[in-house]
Amino acid sequence: MIKKITVFLLGLLLFIPINGMAAAESAISVDMHYLVVSPAEDGSSNMMNMVNFTNTTAEEYKGDGKGEAVLNVTIPTGATGFTFLDNKIAQKQVDTGFITTDPIPANQTVVLPYSYRVAKGEEINLSFDYPVQMMQILVPEGMGSIEFKNVTATNQGLFKMDDQNYQGYSVESIQAKQSFTMVYDKDKQPSPSDAQGSTEKGASETNGNVTKTAPAFHNPGHLRMWAQSPLRSWDPHVFLIVMGAIIIAALSYFAYFRMKAIAEEKRLGADKEESAFKNLMAKQKAIMDKILELEENFGDGNMSEEDYQAKLAAYKQHLVQVKMNLRQFIE
């Protein structure tokens, strides 16, 4: 009888996170969202975006079936001067931003370059329709700094691209329908003494250094989640003790099989690294081809210099990130 109860509880422990992962799956995922923030002549903030949307399914993605939209992209309320920088992708402006209408092939990525402006002094409220693995925000050196609200952001420091230094920030693991706020101040420059770290709502700052406030042991959100869960009739401390005992027993019992699994994971990890490297090389080649095609179109007089410069800058932003990722495999 004890063995049956142990097996049941172990199965329950494994079943909960699997269900959570399944619920979090999305047909569309954003691999990378690049955002370059700079001041405009009229004092407003230029927001140049390049976003990689990936169809994570094995079937062509045509949207949620509720309309003509394939992808929905939300831009901040009150933004002006919206410009879409790729005339090969069908798109249409809507009240909340814009939509695309071209289907996305299975397991393929589409890159959407676009820009807009936010009025001077206004907070930049960003909202995301799909989960975002990583968002990188770049500010040209000497053109200000950014503070973040309602999200954890990492200061990546300065790096150089095309003879221009940029202050970099990154936000990871953004959930669908999540939103956060950026405050851009073109007159407030980052302190040279600032160490790379993270800033978040509720963080305390002392002498320019950012420190994170540790949460209370019994987080109110965790308590609420427990009270709403099917396990609320259990004492949570007893439940943790039981689960800990089960985990220890399971690890001891299946030690041999676990060692084999680790060996297999290492082999698969090497395969994934090789696949990731090949994918980055392919992206780099695709971007270079796009730049050559762009130069040919400009040379043939098929586009204005303004469109040419805007698209060229967007492609270069994408290219530098790909090269930075490739550096991880080379160094």
Side-chain angles (χ1 to χ4, degrees), residues 25-37 47-61 70-71 73 83-91 100 102-115 128-138 154 156 159-164 166 168-174 176 268-298 303 307-331:
E25 289 181 355
S26 172
I28 295 295
S29 176
V30 175
D31 303 325
M32 184 69 73
H33 185 149
Y34 306 101
L35 173 60
V36 180
V37 184
M47 311 283 289
M48 178 174 287
N49 298 260
M50 178 175 284
V51 191
N52 298 348
F53 292 87
T54 298
N55 177 6
T56 61
T57 69
E59 299 179 354
E60 183 179 60
Y61 183 75
V70 174
L71 294 176
V73 180
T83 304
F84 192 75
L85 302 173
D86 192 337
N87 55 16
K88 294 182 179 180
I89 299 177
Q91 60 85 27
T100 65
D102 294 332
I104 305 175
N107 299 312
Q108 295 294 312
T109 297
V110 61
V111 180
L112 301 186
Y114 59 95
S115 64
F128 303 86
D129 299 88
Y130 309 97
V132 180
Q133 296 179 22
M134 177 177 287
M135 181 176 186
Q136 290 203 330
I137 303 97
L138 308 177
T154 300
Q156 296 180 316
F159 64 90
K160 191 172 185 178
M161 181 186 67
D162 293 338
D163 298 324
Q164 170 70 57
Y166 290 88
Y169 308 87
S170 68
V171 180
E172 300 183 13
S173 302
I174 303 172
L268 292 176
D271 293 342
K272 288 181 179 179
E273 287 187 0
E274 182 180 357
S275 175
F277 179 76
K278 290 180 178 179
N279 186 38
L280 287 171
M281 291 297 295
K283 284 187 176 182
Q284 179 176 257
K285 183 179 182 302
I287 295 171
M288 295 300 297
D289 291 342
K290 284 281 190 180
I291 291 175
L292 290 175
E293 180 183 346
L294 183 67
E295 291 177 348
E296 290 177 359
N297 288 335
F298 179 67
M303 62 170 56
D307 287 344
Y308 167 73
Q309 293 295 341
K311 289 185 178 181
L312 181 61
Y315 287 139
K316 285 183 177 180
Q317 292 288 348
H318 195 187
L319 181 61
V320 73
Q321 183 58 44
V322 172
K323 288 183 176 180
M324 290 173 65
N325 291 337
L326 278 172
R327 191 182 302 168
Q328 300 176 10
F329 297 94
I330 298 174
E331 294 180 348

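Computed from heavy atoms alone, side chains included, the values below leave out hydrogens, waters and symmetry copies. If you read the sequence from its start, that first residue is 1, and numbering goes on from there.
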### Query
Can you name the nearest heavy-atom pair linking L85 to A310, along with the distance?
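Taking L85 first and A310 second, the nearest heavy atoms are CD2-CB, 3.9 Å.
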Inter-residue atom distance [X].[atom1] - [Y].[atom2], 0.5 Å rounding:
X: M134; Y: M32; atom1: CE; atom2: CE; answer: 5.0 Å
X: E296; Y: I291; atom1: CD; atom2: CD1; answer: 12.5 Å
X: T83; Y: N49; atom1: OG1; atom2: CG; answer: 11.5 Å
X: E172; Y: I174; atom1: CD; atom2: CD1; answer: 9.5 Å

### Query
When you look at I104 and I28, which way does the side-chain contact (heavy atoms from CB on, under 4.5 Å) test go after all the steps?
CA-CA 10 Å; I104 305 175; I28 295 295; 4.0 Å; yes
When you compare the side chain of [Y] with that of [X], does any pair of heavy atoms fall below 4.5 Å?
X: V73; Y: F53; value: yes
X: D307; Y: F298; value: no
X: K283; Y: N279; value: yes
X: K311; Y: M303; value: yes
X: F128; Y: H33; value: yes
X: V70; Y: E60; value: no
X: Q136; Y: Q156; value: yes
X: M48; Y: Y34; value: no

### Query
Can you list the steps and then say if Y61 with T56 is a side-chain contact (heavy atoms from CB on, under 4.5 Å)?
CA-CA 9 Å; Y61 183 75; T56 61; over 6 Å; no
Between [X] (side chain only) and [Y] (backbone N and O only), is there a donor and an acceptor less than 3.5 Å apart?
X: N55; Y: Q108; result: no
X: T57; Y: E59; result: yes
X: T54; Y: V30; result: no
X: D86; Y: P113; result: no

### Message
Under a 3.5 Å threshold, yes or no: a donor from one side chain and an acceptor from the other, between N52 and T109?
### Response
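Side-chain D/A pair, N52 to T109: absent.
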### Task
Given side-chain contact (heavy atoms from CB on, under 4.5 Å), test E295 with Y308 step by step and report yes or no.
CA-CA 8 Å; E295 291 177 348; Y308 167 73; 3.7 Å; yes
### Message
Between T100 and V110, is the side-chain contact (heavy atoms from CB on, under 4.5 Å) condition met? List the steps.
### Response
CA-CA 11 Å; T100 65; V110 61; over 6 Å; no
